[in-house]
Amino acid sequence: MSIPIVIDCDPGHDDAIAILLALASPEVELRGIVTVAGNQTVDKTTRNALKVLELGGRADIPVVRGAAAPLRRPLRTAAHVHGESGLDGPDLPEPSAMPSDADPADWLEPGVVLVATGPLTNVARLVQRGVRIDRIVWMGGAIAEGNITPAAEFNAFVDPEAAAAVFGSGIDLTMVGLDVTHKALFTRAHADRLRRTGRAGRVVAELSDFFQHFHEERYGFDGSPIHDAMAVAHVIDPSLLETVHCNVEIETASRFCDGRTVVDRWHATSGTRNAHVGVDVDAARFLDLLHERIATLP
Ligand code: BDR
Ligand code: CA
């Protein structure tokens, strides 16, 4: 039986690949997508989500336009990583479907996993409304260094107040952070292999070609971490990740460390164990899964 999921995202190259991975995987059933401002404005991330669903042949899946700005801060986007459109690289046709006016709370029946791959603004709003959420798997945060500041990962940094609300909610929460996503690089060789498989494979290769620029320049990586796809992959196959159940607190009031996810991996404090934090990944199996599944798309 497949696990119903809702993806809350800001596509975004790796968000787009995460959506395609979900569409191509029988272990999960994508009920709907909610967009959030993050990598780009919410208008752009919404258009991108619609484009990706059309590419995957699933324009029937509803897309709800979510928050246009973080709870209490001005929006900070990542055009330096994802381009002006939020999905620079491949030439995707304008979508014909329109955003839905559904209430995503109605999708979150018992057993549904909310996979969040952007800032947690929408998720925090659901928490504030008292909406019951069984489980959240979030790509964001880092035990070690950040990527938007030395201390913070992008999704946590954009809306730390939202992250604090979600981590304080008591909901079953898994954090798939940079410590694991940076261990699995999708290289040019991976892209070239996928480029030959079909239209979706070619688009993913082109997304990776663009995404690669930032990672090559900043880190000297011979590839890109497909961060958000790892959160979906963890739902598809939990054995890909090793996690530690521990306390995580979010810094919201610091000149240098705003958005830092302070992970008490070794239980140095008596803080509540509020998150399952990814500490290791079977990178080869994750990258194989990504290739194998995307290659099945038309
Ligand atoms: C996260 O930030 C975004 O730029 C990516 O889409 C990913 O969700 C990685 O830090
Ligand atoms: Ca994202």
Side-chain angles (χ1 to χ4, degrees), residues 6-22 33-42 44-49 51-52 63 66-67 70 75-89 114-123 136-160 162-163 166 174-186 204 207-208 210-215 217-219 221 223-234 250 258-261 263 277-278 281 290:
V6 169
I7 298 184
D8 189 305
C9 58
D10 60 340
H13 293 67
D14 50 333
D15 304 79
I17 299 171
I19 293 168
L20 292 171
L21 175 62
I33 291 180
V34 193
T35 56
V36 67
N39 286 326
Q40 263 300 350
T41 63
V42 76
K44 292 181 182 177
T45 60
T46 305
R47 188 160 64 237
N48 293 341
K51 284 182 177 180
V52 172
V63 174
L75 175 63
R76 164 95 185 242
T77 62
H80 63 299
V81 184
H82 299 272
E84 269 315 305
S85 71
L87 209 53
D88 279 15
L114 179 54
V115 182
T117 63
L120 287 167
T121 320
N122 297 326
V123 185
I136 299 168
V137 175
W138 177 54
M139 188 284 129
I143 303 172
E145 63 200 28
N147 60 357
I148 186 74
T149 71
E153 180 280 333
F154 179 76
N155 291 337
F157 178 77
V158 171
D159 200 343
V166 173
T174 301
M175 173 179 132
V176 180
L178 300 179
D179 318 277
V180 279
T181 66
H182 275 198
K183 283 185 178 166
L185 300 183
F186 187 84
V204 169
L207 285 169
S208 144
F210 186 91
F211 204 39
Q212 172 70 28
H213 294 144
F214 169 79
H215 296 97
E217 253 170 53
R218 167 71 58 86
Y219 301 107
F221 281 173
S224 321
I226 314 295
H227 309 278
D228 297 340
M230 197 176 281
V232 170
H234 177 58
I250 313 292
D258 264 10
R260 176 145 192 87
T261 44
V263 177
V277 177
V281 59
L290 205 53

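Note that ligands are numbered from 1 as they come in the structure, with each ligand's atoms numbered from 1 the same way.
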Can you name the closest pair of heavy atoms from [X] and [Y] and give their distance?
| X | Y | result |
| --- | --- | --- |
| G259 | A156 | O-CB, 3.2 Å |
| N122 | A67 | OD1-N, 2.8 Å |
| H182 | P225 | CD2-CG, 3.5 Å |
| C9 | I19 | SG-CD1, 4.1 Å |

Considering non-hydrogen atoms of the protein only, which is the closest contact for [atom], and what is the distance?
| atom | result |
| --- | --- |
| atom 7 (C) of ligand 1 | D14 OD2, 3.1 Å |
| atom 8 (O) of ligand 1 | D228 OD1, 2.6 Å |
| atom 2 (O) of ligand 1 | F154 CD2, 3.4 Å |
| atom 9 (C) of ligand 1 | E153 OE2, 3.2 Å |

Sorted by chain and number, protein N/O/S atoms nearer to the Ca ion (ligand 2) than 3.0 Å are D10 OD1, D15 OD1, D15 OD2, T117 O, D228 OD2
Taking side chain as C-beta onward, heavy atoms only, is D10 less than 4.5 Å from T35? no
Close approach, H82 and ligand 1, non-hydrogen under 4.0 angstrom: yes
Does ligand 1 have any atom sitting under 4.0 Å from a heavy atom of N147? yes
Part of [X] within contact of ligand 1 (heavy atoms, under 4.0 Å):
| X | value |
| --- | --- |
| D15 | side chain |
| M139 | side chain |
| N39 | side chain |

Look at the rings of F211 and H215 and say which category their plane angle falls in: under 30° parallel, 30 to 60° tilted, over 60° perpendicular. perpendicular
Side chain or backbone, does D10 bring an N or O within less than 3.5 Å of an N or O on ligand 1? no
Have a look at H13 and tell me which of F210, F186, F214 forms a ring pair (Phe, Tyr, Trp, His ring centres under 6.0 Å) with it. F210
Where the side chain of N48 meets the backbone of A16, is there a donor-acceptor pair that is under 3.5 Å apart? no
Is it true that D88 and S85 share a donor-acceptor pair across their side chains at a distance under 3.5 Å? yes
Consider only side-chain N and O atoms of Q40 and T77, and report whether a donor and an acceptor are under 3.5 Å apart. no
Testing T45, N155, D15, T117 for side chain to side chain donor-acceptor pair (under 3.5 Å) with N39, which one passes? D15
